[in-house]
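This one's a predicted model, so the numbers in the text were calculated from it and none came from an experiment. Counting convention: from 1, in listed order, for ligands and their atoms alike.
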Amino acid sequence: MRIPIHAVHPDTGEAEIIGWVHEVRDLGGLTFLLIRDRTGIIQVTIPKKKASESVLAAVKAVSRESVVRVSGPVKPIDKAPGGRELVPDSFEIISLSGSPMPLDVVEKVPADLDTRLDARFLDARRPRVSAVFQIRSTVTRSVYEFFFSRGFINITTPKVVAAATEGGTELFPIAYFEREAFLNQSPQLYKQMMMAAGFEKVFEIGPIFRAEEHNTTKHLNEATSIDMEVSFADHLEVMNILEDLVITTYKTVADQCGDQLSALEIPDLPVPEPGFPRLPYPEAIEIAKRTTGEDIKYGDDIGTVSEKAIGEEMGVHYFITDWPTEIKPYYAQPYEDDPSVCKAFDLMHPRMELSSGAQRVHRHDQLVHQIRAKGLSSDSFEFYLNPFRYGMPPHAGWGLGAERLVMTMLGLSNIREAVLFPRDRHRLVP
Ligand code: ATP
Ligand code: MG
């Protein structure tokens with residue numbers, strides 16, 4: 001625990017701390033308490049013979065995980081956490097915790113993920129869990145600063161929408177007065193419309209909703225997407241920005257989150273090297289074919305097994321480029337010299353996909369053609385298509401999953417570890 005400076009009296013070295021009772025150990029003549037807050041743990045030592053009646057009464061009454069206010073001199077001592085202890089002159093119980101608790105905060109009793117998520121407020125008192133969300137907060141700040149420092153405009157787009165971004169069945173329908181509406185699966189169409197508005201560089205960090213019934217360790221039904229779009233840029237330019245953003249974010253966490261990384265037993269966060277390899281799709285599936293022995297053909301999507309196999313071979317962050325137009329969304333721009341291949345890319349961590357992006361189609365008639373080629377009706381896209389009739393600049397962009405970024409950075413085994421209150425197939429509470 002970092003003792004707040006203002007709480008330490010300059011002459012006496014007396015300090016006042018407020019926190020949760022992490023552990024109590026009674027050794028007869030001495031009682032040791034560990035008091036915890038989000039910055040760490042400090043030992044409070046009560047010599048029974050010397051302590052006041054009121055301190056002894058409070059220590060006797062207190063239970064683990066109660067909130068207490070303790071004051072007294074702080075002394076250096078070798079064996080205690082942080083190398084010091086506080087010997088209390090006063091000990092006040094601010095909020096007594098009930099027991100037994102739904103979850104053991106000191107992790108002596110292991111708990112499965114479901115139990116932990118049910119009691120997330122207790123789970124998040126655990127230094128390791130708290131560290132993940134403190135790091136996620138730093139990641140978010142770093143991403144905002146990255147975009148602002150490069151002249152991006154932050155936008156907010158609707159999450160309640162009338163039409164799907166890409167068609168398909170991955171939408172949550174909701175009742176919107178007399179009509180049916182949906183929770184948006186991506187800000188894609190809206191950020192493109194802001195290119196027609198002349199905003200040039202936009203970004204948004206917001207929720208996306210996917211009704212896929214998958215129950216995997218890397219999918220959520222409500223996730224956070226870091227989205228950006230840039231005018232007069234091609235896919236190569238926005239890939240460079242994406243690579244810079246990932247490296248900058250790792251650097252910021254490595255520089256600023258030392259205590260939290262230690263809590264996670266990551267003494268040195270390895271920052272990815274610049275120059276992420278760019279692997280054309282045909283080469284990627286060749287690797288998948290060779291290493292998995294499966295019959296993978298040109299035009300197949302890269303599934304979880306292939307993704308893992310290619311990732312193992314690559315060993316670092318990399319891009320998959322030059323995708324078949326057929327398996328990427330209608331808004332991806334085909335190459336002029338070979339329209340069967342498009343200017344789309346995925347950013348991959350060796351474990352999984354982190355981001356998808358592309359240079360976009362910016363010509364109205366071509367876009368209508370590509371929407372129809374996917375078997376979709378252009379009528380329901382009128383609000384989106386209209387801006388393409390009145391001066392749409394060429395543009396490119398991407399969407400990056402915030403939880404996957406944090407999950408892969410910290411080596412978390414399940415994406416739910418990177419969300420405070422995950423929404424999945426079975427979880428809607430808390
Ligand atoms: P995947 O193939 O891994 O399911 P996707 O290709 O369907 O992902 P995109 O539509 O390309 O996902 O979304 C861009 C990024 O948003 C993804 O690379 C991922 O990081 C994140 N993302 C998308 N869907 C989810 C989800 N259900 N849960 C968590 N993150 C997601
Ligand atoms: Mg994708």
| note | atom 22 (N) of ligand 1: closest protein heavy atom, distance to 0.1 Å, is I208 CD1, 4.2 Å

| query | Is there a donor in the side chain of H219 and an acceptor in the side chain of E212, or the other way round, less than 3.5 Å apart? | reply | no

| task | Verify the ring-centre separation between F381 and Y330: is it less than 6.0 angstrom? | result | yes

| note | Ranked by distance from atom 4 (O) of ligand 1, the top protein heavy atom is H219 NE2, 2.5 Å

| Qualifying residues under side chain to side chain contact (heavy atoms under 4.5 Å, CB included), relative to E283, sequence neighbours excluded | L279, P280

| request: May I ask you to check whether F203 and F148 place their ring centres under 6.0 Å from each other? | output: yes

| task | Taking atom types as modelled, find out whether T291 and E313 have a side-chain donor-acceptor pair closer than 3.5 angstrom. | result | no

| task | Can you pull out the closest protein heavy atom to atom 20 (O) of ligand 1? Residue, atom name and distance to 0.1 Å, please. | result | L354 O, 2.8 Å

| said: Under a 3.5 Å threshold, yes or no: a donor from one side chain and an acceptor from the other, between S356 and D346? | reply: yes

| Test item, G399 contacting ligand 1 (heavy atom, 4.0 angstrom) | yes

| task | Say whether E353 and ligand 1 are in contact under the criterion: heavy-atom distance to a ligand atom below 4.0 Å. | result | yes

| said: Quick check on contacts: which atoms of ligand 1 are under 4.0 angstrom from a heavy atom of S355? | reply: 18 (O)

| What are the atoms of ligand 1, with element, lying closer than 4.0 Å to any heavy atom of I415? | 29 (C)

| request: Examine ligand 1 and decide if any of its atoms is less than 4.0 Å from a heavy atom belonging to K218. | output: yes

| query | So is there a nitrogen or oxygen of R404 less than 3.5 Å from a nitrogen or oxygen in ligand 1? | reply | yes

| message | Could you work out, for atom 21 (C) of ligand 1, the closest of A402, P422, G401 by heavy-atom distance? | response | G401

| Nearest candidate to atom 10 (O) of ligand 1, where distance is taken over non-hydrogen atoms, out of E212, E170, R210 | R210

| request: Mark up the atoms of ligand 1 that fall under 4.0 Å of a heavy atom belonging to A223, in ascending order. | output: 28 (N), 29 (C), 30 (N)

| Side-chain donor-acceptor contact under 3.5 Å, D112 with T115 | yes

| message | With 2.8 Å as the limit, count the protein N, O or S atoms near the Mg ion (ligand 2). | response | 2

| task | Test Q192 against Y384 for side chain to side chain donor-acceptor pair (under 3.5 Å), laying out the working first. | result | CA-CA 8 Å; Q192 286 193 261; Y384 165 65; 2.7 Å; yes

| said: My understanding is that only residues two or more places apart in sequence, or in another chain, count here; which of them pass ring-ring contact (aromatic ring centres under 6.0 Å, His included) with F32? | reply: none

| task | With sequence neighbours excluded, tell me which residues meet side chain to side chain donor-acceptor pair (under 3.5 Å) with E204. | result | T157, K159

| Do the two ring centres, one from H364 and one from Y390, sit under 6.0 Å apart? | no

| query | Do L220 and ligand 1 have an N or O pair less than 3.5 Å apart? | reply | yes

| message | Is it the case that the side chains of T252 and S142 hold a donor-acceptor pair, with the cut-off being a distance below 3.5 Å and no angle test? | response | yes

| task | Classify the side-chain pair E85/T45 by whether it contains a donor and acceptor separated by less than 3.5 Å. | result | yes

| Atom indices of ligand 1 within 4.0 angstrom of S356 heavy atoms, with elements | 11 (O)

